[in-house]
Amino acid sequence: ADGVIGFELADRDGKHLPTFQPGAHIDLHLPNGLVRQYSITNGPGDLLSYVIGVKAETASKGGSKVLVETVREGDVLAISEPRNNFPLRRDATRTVLIAGGIGITPLLSMARFLDKSSLPYELHYFVRSGESAAFKNELDVLHGTAETHAGMGRDAIGAKVSAILGPWQFANHVYICGPGAMLEMVQNTASTLGWPDEAVHFEYFQNDKV
């Protein structure tokens with residue numbers, strides 16, 4: 001997508017990489033000595049490589065700048081085993097995934113897992129423009145509801161999120177990943193609609209400025 005670069009990381013010997021749960025991320029050790037965290041977008045059982053999405057930040061001084069400008073196919077990078085601070089519940093009767101910008105990456109993995117498991121879900125992806133929607137081909141092949149909302153203002157997004165969520169019902173869960181302002185807005189909207197804190201899960205995506 002415009003401003004988003006995909007990187008595929010595979011074992012040098014072609015071996016399977018460690019298994020992971022949807023929502024997991026890896027630490028990526030960069031050539032300049034920095035370590036950055038990136039969410040895995042893969043679906044279940046897809047272990048020959050990990051695919052990450054990196055937003056090319058013009059103001060970046062470290063992570064994304066190094067990856068986009070200096071790392072090329074065939075380079076060797078060190079990564080950690082996957083860790084998960086954003087786990088997906090599997091006992092929900094309704095799962096809502098709300099992504100903003102590059103925040104689509106962990107939610108794409110969740111959607112792929114739910115899709116393969118034939119579990120109900122809906123994914124709503126908010127972007128500034130259609131050209132900035134990342135992983136469009138991967139989203140297009142999902143069988144569940146996967147809608148992209150482009151070019152909406154803050155008030156319109158708030159109204160749309162309210163309509164998407166609706167009043168909370170038992171065993172409903174929402175997962176949010178995106179910029180801080182969006183997370184705050186969705187959390188406040190969910191609270192107003194009676195969603196309890198334990199049903200609202202989020203991961204803050206922080207732009208890489210250092």
Side-chain angles (χ1 to χ4, degrees), residues 1-44 46-88 97-113 125-129 131-139 175-184 186-187 201-210:
D2 185 18
V4 178
I5 312 297
F7 288 85
E8 185 175 10
L9 309 171
D11 184 89
R12 285 181 295 180
D13 301 320
K15 298 177 182 178
H16 277 193
L17 295 170
T19 188
F20 64 93
Q21 297 300 316
H25 69 273
I26 54 171
D27 293 341
L28 182 59
H29 296 256
L30 303 174
N32 63 354
L34 293 176
V35 179
R36 289 291 182 266
Q37 290 74 44
Y38 295 98
S39 297
I40 302 171
T41 66
N42 298 44
D46 184 9
L47 298 176
L48 287 177
S49 64
Y50 296 148
V51 176
I52 61 172
V54 179
K55 185 172 176 60
E57 295 285 356
T58 56
S60 169
K61 299 176 183 178
S64 66
K65 185 179 180 68
V66 169
L67 276 172
V68 172
E69 294 185 359
T70 68
V71 173
R72 295 293 179 264
E73 182 176 359
D75 288 352
V76 178
L77 301 173
I79 64 172
S80 69
E81 291 203 0
R83 299 199 306 274
N84 200 337
N85 301 322
F86 193 38
L88 176 67
L97 311 173
I98 298 179
I102 194 62
I104 187 63
T105 49
L107 299 187
L108 174 57
S109 179
M110 291 183 179
R112 285 170 150 171
F113 172 84
Y125 183 19
F126 291 88
V127 292
R128 291 179 180 173
S129 67
E131 292 74 22
S132 62
F135 298 102
K136 186 177 184 302
N137 291 340
E138 288 80 356
L139 294 170
Y175 298 81
I176 320 147
C177 187
M182 181 177 187
L183 263 64
E184 183 178 351
V186 178
Q187 288 176 284
H201 315 269
F202 58 91
E203 183 164 81
Y204 174 56
F205 171 74
Q206 183 174 9
N207 289 338
D208 173 40
K209 299 298 185 185
V210 293

Point to revise | Worked check of side-chain contact (heavy atoms from CB on, under 4.5 Å) between Tyr38 and Thr105 | key: CA-CA 8 Å; Tyr38 295 98; Thr105 49; over 6 Å; no
Review point. Could you walk me through whether Leu28 and Ile52 pass the side-chain contact (heavy atoms from CB on, under 4.5 Å) check?
Key: CA-CA 10 Å; Leu28 182 59; Ile52 61 172; 4.0 Å; yes
Review point. Backbone N or O of Glu203 within a donor-acceptor pair of the Tyr175 side chain at under 3.5 Å?
Key: no
**Study point:** Phe113 CZ: over 12 foreign heavy atoms closer than 6.0 Å
**Key:** yes
**Study point:** Nearest-0.5 Å distance, NE2 of residue His16 to CG of residue Leu48
**Key:** 4.0 Å
Review point. With a 4.5 Å heavy-atom cut-off, do Val71 and Leu77 have their side chains touching?
Key: yes
Review point. Ala133 and Ala1: which non-hydrogen atoms are nearest, and at how many Å?
Key: O-CB, 3.3 Å
Exercise for review: Could you tell me whether the side chain of Asn84 and the main chain of Pro22 form a donor-acceptor pair under 3.5 Å?
Suggested key: yes
Revision key, fill the gap. Separation between SG (Cys177) and OH (Tyr125), nearest 0.5 Å, reads 10.5 Å
Exercise for review: Work out which heavy atom in Phe20 is nearest to a heavy atom in Asp46; give both atom names and the distance.
Suggested key: CE2-O, 4.1 Å
Check your understanding: Heavy atoms, side chains only, cut-off 4.5 Å: are His201 and Ile176 in contact?
Key -> no
Review point. When rounded to the nearest 0.5 angstrom, what is the spacing between CZ in Phe202 and CE in Met182?
Key: 14.0 Å
Check your understanding: Would you call Arg112 and Thr41 a side-chain contact if the rule is heavy atoms closer than 4.5 Å?
Key -> yes
Exercise for review: Indicate the atoms forming the closest heavy-atom contact of Leu107 with Ile98, along with that distance.
Suggested key: CD1-O, 3.2 Å
Exercise for review: May I ask you to test the Ile40-Pro82 pair for a side-chain heavy-atom distance under 4.5 Å?
Suggested key: yes
**Study point:** Test log, rule side-chain contact (heavy atoms from CB on, under 4.5 Å), inputs Leu9 and Ile26
**Key:** CA-CA 11 Å; Leu9 309 171; Ile26 54 171; 3.7 Å; yes
Review point. Taking all non-hydrogen atoms of both residues, which atom of Ala134 and which atom of Val4 are closest, and how far apart?
Key: CB-CG1, 3.9 Å
Review point. Mind checking whether Ile104 and Leu139 have side chains closer than 4.5 Å, heavy atoms only?
Key: yes
**Study point:** Exam field: side chain Ser109 to backbone Asn42, donor-acceptor pair closer than 3.5 Å
**Key:** yes
Check your understanding: Step by step, would you call His25 with Phe86 a side-chain contact (heavy atoms from CB on, under 4.5 Å)?
Key -> CA-CA 9 Å; His25 69 273; Phe86 193 38; over 6 Å; no
**Study point:** Distance-minimising heavy-atom pair for Val68 and Ile5
**Key:** CG2-CG1, 3.8 Å
Practice item. Look at the side chain of Asp13 and the backbone N and O of Lys15, then say whether any donor-acceptor pair between them is shorter than 3.5 Å. Key: no
**Study point:** Side chain to side chain, Phe7 and Ser49, heavy atoms closer than 4.5 Å
**Key:** no
